[in-house]
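As structure tokens, the structure follows; a few thoughts come after it.
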Amino acid sequence: MNVLGTVIGIIALAIAPIAFLLWFFYTRDKLNPEPRGLILKIFLLGMLAAIPVVLIQWLLPLPRFWVAIAIVPIVAEIAKYCMVRWGAYDSAEFDEPVDGIIFAAVVGLGFATLENIVVLLLTYFTVTSVTVPGSGLPFSPLQAVLDLFAVRGLLGALGHALWSSFWGYGLGFTKFPDGHSKGLVGKGLLAAILSYALFNALALSPGLLPRLAMVLLLAISWFAVMRGMGRALEMSPLRE
């Protein structure tokens with residue numbers, strides 16, 4: 001099999017659901033859509049935020065489970081938050097509460113893009129290196145990639161967009177206070193970190209029940225974010 005073709009296929013697989021989610025969140029703001037250049041900037045900053053997290057996951061000499069639930073979520077959400085706070089918060093284009101959610105979702109999707117590409121490619125080449133005739137392994141490298149893609153590429157990408165939106169909601173109402181915005185960013189960061197940690201714990205647990213619990217977690221997160229987005233749109237000063 002052509003290695004370059006396989007690599008391109010894996011990258012395309014990692015990006016496909018993210019492209020759809022990026023379109024979905026970008027089109028939620030119909031009053032004043034953000035400039036595509038700024039969206040691209042935040043997306044790339046999200047990819048940049050993923051670099052230390054990827055390095056931590058592969059280089060930190062600690063048990064994988066504890067790194068995934070106790071370190072990665074904290075570093076990831078703080079890094080994503082800092083990118084939006086530095087890259088978009090003071091922009092004139094951040095002109096309504098819902099922008100906090102949109103920029104947060106975009107930075108989360110940028111984060112997920114680099115993380116998914118690296119993890120899927122490393123999985124492919126790692127399994128390829130040990131899948132030799134007579135190895136007795138019951139799966140192929142591509143099967144290993146597809147199995148991981150179901151958890152990380154689909155569920156994980158959606159999760160990054162949703163969890164970042166928790167603190168993005170707080171960021172939007174911090175810039176455009178409505179009298180109930182005190183502490184929302186901190187609460188959003190805490191909710192994002194705990195949700196991410198729970199997702200990772202479930203992802204590393206075998207069996208059908210943890211997979212169903214992951215879907216339930218994302219469903220609850222989706223409901224919360226869509227409700228928050230609706231409220232943010234209603235409170236937009238651009239509606240006046």
Side-chain angles (χ1 to χ4, degrees), residues 21-22 24-50 52-53 71-113 157-199 217-218 220-240:
L21 290 169
L22 190 61
F24 175 84
F25 279 96
Y26 178 72
T27 56
R28 294 313 92 190
D29 185 2
K30 301 185 184 302
L31 293 174
N32 186 30
E34 297 0 288
R36 293 180 182 178
L38 183 56
I39 291 293
L40 177 60
K41 172 187 172 181
I42 298 303
F43 184 84
L44 293 176
L45 287 175
M47 296 182 71
L48 183 64
V53 176
I71 298 176
V72 166
I74 296 174
V75 175
E77 294 305 326
I78 291 177
K80 289 187 286 183
Y81 167 77
C82 288
M83 292 303 180
V84 174
R85 184 63 180 81
W86 169 74
Y89 187 79
D90 292 326
S91 169
E93 299 298 337
F94 196 135
D95 53 10
E96 52 183 327
V98 75
D99 290 349
I101 296 176
I102 292 173
F103 286 128
V106 170
V107 83
L109 291 171
F111 184 101
T113 298
L158 176 59
H160 276 298
L162 294 175
W163 304 324
S164 295
S165 296
F166 291 161
W167 52 258
Y169 175 85
L171 205 58
F173 278 103
T174 296
K175 188 165 186 178
F176 300 94
D178 67 341
H180 302 283
S181 58
K182 186 177 180 179
L184 280 180
V185 172
K187 293 174 183 176
L189 277 168
L190 181 60
I193 290 168
L194 292 177
S195 297
Y196 191 1
L198 177 57
F199 179 89
L217 172 63
L218 290 177
I220 294 172
S221 300
W222 176 273
F223 175 79
V225 170
M226 291 303 107
R227 183 176 180 182
M229 185 176 289
R231 181 173 183 273
L233 286 169
E234 290 177 359
M235 300 296 292
S236 173
L238 302 179
R239 293 176 65 92
E240 299 177 357

Practice task
Please examine the side chains of Arg85 and Asp90, heavy atoms only from C-beta on, and report whether any two atoms are closer than 4.5 Å.
Solution key: yes

Completion exercise
Closest non-hydrogen atoms of Asp29 and Ile102, given as atom of the first, atom of the second and distance, are CB-CD1, 3.4 Å

Exercise for the section: Could you check if a side-chain atom of Val225 sits within less than 4.5 angstrom of a side-chain atom of Phe166, using non-hydrogen atoms only? Expected result: yes

Exercise for the section: Taking all heavy atoms of Ser165 and all of Ala105, pick out the closest pair and write down the distance. Expected result: OG-CB, 3.8 Å

Problem - Spatial distance of atom CD1 (Ile39) from atom CG (Leu44) [nearest 0.5 Å] - result: 11.5 Å

Handout entry: Glu77 bridged to Lys80 by N-O distance under 4.0 Å
Key = yes

Exercise for the section: Can you measure from CE (Met229) to CZ (Phe25) and round to the nearest 0.5 angstrom? Expected result: 5.5 Å

Completion exercise
dist Glu34:CD -> Phe94:CZ (nearest 0.5 Å) comes out at 8.5 Å

Fill in the blank from the handout: Shortest non-hydrogen pair, Leu38 vs Ser91, comes out as CD2-OG, 3.9 Å

Handout entry: Expected output: side-chain Tyr26 to main-chain Pro33 donor-acceptor under 3.5 Å
Key = no

Exercise for the section: Measure the spacing between CG of Asp99 and OG of Ser236 and express it to the nearest 0.5 Å. Expected result: 8.0 Å

Exercise for the section: State the CH2-CG distance between Trp222 and Leu158, to the nearest 0.5 angstrom. Expected result: 6.5 Å

Exercise for the section: Measure the CG-CG distance between Leu109 and Leu162 for me, rounded to the nearest 0.5 Å. Expected result: 9.0 Å

Exercise for the section: Please report the closest heavy-atom contact between Ser195 and Leu217, naming both atoms and the distance. Expected result: O-CD2, 3.6 Å

Problem - Exercise: identify the closest heavy-atom pair between Tyr196 and Ala76 - result: CE2-CB, 3.6 Å

Problem - pair Met83-Phe111: side-chain heavy atoms closer than 4.5 Å - result: no

Practice task
Flag the pair Lys175 / Pro97 as yes when at least one side-chain heavy-atom distance between them is below 4.5 Å, and no otherwise.
Solution key: no

Practice task
Taking the side chain as every heavy atom from C-beta outward, state whether Trp163 and Leu218 have any pair of such atoms under 4.5 Å apart.
Solution key: yes

Practice task
Over all heavy atoms of both residues, which pair between Ala232 and Ile101 is shortest? Give the atoms and the distance, please.
Solution key: CB-CD1, 4.4 Å

Exercise for the section: Determine, step by step, whether Leu184 and Trp167 satisfy the side-chain contact (heavy atoms from CB on, under 4.5 Å) criterion, reporting the C-alpha distance in whole Å, the side-chain angles of both residues, the deciding distance to 0.1 Å, and the verdict. Expected result: CA-CA 7 Å; Leu184 280 180; Trp167 52 258; over 6 Å; no

Exercise for the section: For residues Leu40 and Arg36, determine if any side-chain heavy atom of one lies less than 4.5 Å from a side-chain heavy atom of the other. Expected result: no

Exercise for the section: Please say whether the positively charged group of Arg28, taken as NZ for Lys or CZ for Arg, lies over the ring of Phe24, i.e. under 6.0 angstrom from the six-membered ring centre and within 45 degrees of the axis. Expected result: yes

Practice task
Test Phe103 against Leu171 for side-chain contact (heavy atoms from CB on, under 4.5 Å), laying out the working first.
Solution key: CA-CA 10 Å; Phe103 286 128; Leu171 205 58; over 6 Å; no

